[in-house]
Amino acid sequence: MDVVIALLVILISLIILDQSSHLTITHAVKISEITQLGKTAVGFSLLAFSTSLPELSVAFIAAFSGEAPVSVGNVLGSNIVNISLIVGLAALIVSLRRPRATNVIPAFAKEELSALNVGLFISSIIPLTLLYIIEASWLVGLVLIVIFIFYTYQLSKIRVPVENGMPIPESEKRKLRLYVLLTFLGVVGVVLSAYFLVESAVAVAITIGVPRALVGATVIAFGTSLPELTLDLRSFLSGHPALAFGDIIGSSFVNITLILGITLFVPMLLGSPVSMDMRGFQNLVIFSLITNLFFWYFLSMGRLSWKEGAIFLFIYLLFLATTFGAV
């Protein structure tokens, strides 16, 4: 009976997940048009922060329970999933649904491409630096939070021209707050439905005899990236790839600055500062760097087809294989 209820919850969660992602994408596009921030910037800031709520909740729980390494592993693992799995799947699915679409990378404005490259660079250099200095303390966490605040502020000042060249009506501008609210509600729906979906999937897996360690390394690890996966795949398929690219790289940036910063800094405020040896995360850092380098190369070449998508999926499978091997 419990399995039947869990399966019913999974079905309802999938329906809510689909409708919530549609609500989010529709109104996020409207926000980008009204504010002239561009779809990339909206994805990088609003969507990226919102879809990183699962990682953020893990960071706070880990900080209060003294399990900071769990949050660090979740952050680095999520960044690998965000790029290798999500971009890889998107490239393959778009190629299958639109055989003539040989490239899913849109024509970015110069400012948008620069923002993506900087975000990707920061997401790559910080883990490498932490691996070099070995010990990560509360001071490192404070620096990461400052980096997040500073770059987000810089990004908010960038404006791009309206795509169709037509001025936005005043009546539409007055609806901006409504669109922001609906976008946020859509993301909340995505995050909550993803949570119940993962919890129910875990319950079913354990009931049928799947080992808990295997469930944790697959279903739960995948679950924290489910909001990005849902929203970004829908963005690609609905013709808004810039929104998806902004969310993917923005989520990696938020994870590695704000969330990692909170993980390291909050324990100090609670009177139990942490100092972590980053060498234990060497495998995650290496795969994160490899994934980011490939992504940067494909972006600079302006090409991302099913072939590049297959490369990303191969990297993800290799990551899973080495992770299970380590376990």
Side-chain angles (χ1 to χ4, degrees), residues 21-52 79 82-83 85-95 97-98 100-123 151-152 154-166 168 176 179-180 183 186-187 190 227-254 292 294-306 308-309 312:
S21 62
H22 176 71
L23 179 70
T24 304
I25 299 303
T26 301
H27 293 95
V29 170
K30 292 181 181 294
I31 292 171
S32 72
E33 292 173 349
I34 294 172
T35 60
Q36 290 187 285
L37 284 170
K39 295 175 185 175
T40 304
V42 170
F44 198 103
S45 52
L46 179 62
L47 288 190
F49 178 78
S50 301
T51 55
S52 293
N79 284 1
N82 286 348
I83 295 177
L85 179 62
I86 296 176
V87 177
L89 279 177
L92 287 179
I93 292 173
V94 171
S95 297
R97 292 191 60 173
R98 305 172 189 166
R100 295 183 181 180
T102 58
N103 186 16
V104 298
I105 296 180
F108 289 110
K110 181 180 178 181
E111 295 83 358
E112 291 181 306
L113 187 59
S114 175
L116 291 179
N117 284 331
V118 172
L120 203 53
F121 174 76
I122 293 174
S123 301
Y151 189 66
T152 302
Q154 292 296 114
L155 190 66
S156 68
K157 297 192 294 185
I158 297 175
R159 294 292 184 274
V160 297
V162 180
E163 289 183 4
N164 56 17
M166 298 293 291
I168 304 297
L176 178 59
Y179 293 151
V180 172
T183 301
V187 173
V190 168
E228 287 94 341
L229 179 65
T230 306
L231 288 176
D232 296 336
L233 283 181
R234 180 176 280 277
S235 297
F236 277 113
L237 293 174
S238 59
H240 303 294
L243 201 63
F245 279 113
D247 181 40
I248 289 167
I249 298 179
S251 293
S252 296
F253 173 78
V254 171
N292 288 351
F294 270 101
F295 198 19
W296 172 81
Y297 176 71
F298 296 150
L299 279 175
S300 62
M301 294 293 291
R303 178 175 177 79
L304 185 62
S305 64
W306 69 268
E308 289 76 19
F312 275 135

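Only heavy atoms go into these numbers, but all of them, side chains included; no hydrogens, no water, no symmetry mates.
Note that the OG atom of Ser123 and the CD1 atom of Ile83 stand 7.0 Å from one another [nearest 0.5 Å]. Atom-to-atom distance recorded for Ile122:CD1 and Asn292:CG is 12.0 Å, nearest 0.5 angstrom. In this structure, the separation between OG1 on Thr183 and CD1 on Ile31 is 3.5 Å, given to the nearest 0.5 Å. Rounding to the nearest 0.5 Å places CZ of Phe295 at 4.5 Å from CD1 of Ile249. Note that the CG atom of Leu116 and the CG atom of Leu299 stand 6.5 Å from one another [nearest 0.5 Å]. Separation of atoms CD1 (Ile86) and CG (Asp232) is listed at 5.0 Å; rounding is to 0.5 Å.
Between Ser95 and Ser305 the shortest heavy-atom distance is OG-C, 4.3 Å.
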Taking distance alone, no hydrogens or angles, what donor-acceptor pairs closer than 3.5 Å link side-chain atoms of residues 236-244 to residues at least two apart or in another chain?
| residue | atom | partner | partner atom | Å |
| --- | --- | --- | --- | --- |
| Ser238 | OG | Arg234 | O | 2.7 |
| Ser238 | OG | Ser235 | O | 3.3 |
| His240 | ND1 | Lys39 | NZ | 2.9 |

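With contacts defined as side-chain heavy-atom distances shorter than 4.5 Å, the pair Phe253/Thr152 qualifies. Side-chain contact between Leu304 and Phe245: present, with at least one pair of heavy atoms (C-beta onward) separated by less than 4.5 Å.
The side-chain contact (heavy atoms from CB on, under 4.5 Å) check on Thr230 picks up Leu17, Ser21, Leu226, with sequence neighbours excluded. In this structure Asp247 satisfies the side-chain hydrogen bond (donor to acceptor under 3.5 Å, both in side chains) test together with Thr51, Ser251, sequence neighbours excluded. Legend: residues meeting side-chain contact (heavy atoms from CB on, under 4.5 Å) with Leu92, ordered by chain and number and at least two apart, are Trp306, Leu313. Applying the side-chain contact (heavy atoms from CB on, under 4.5 Å) rule to Phe121 yields the partners Ile125; only residues at least two apart in sequence or on another chain are considered.
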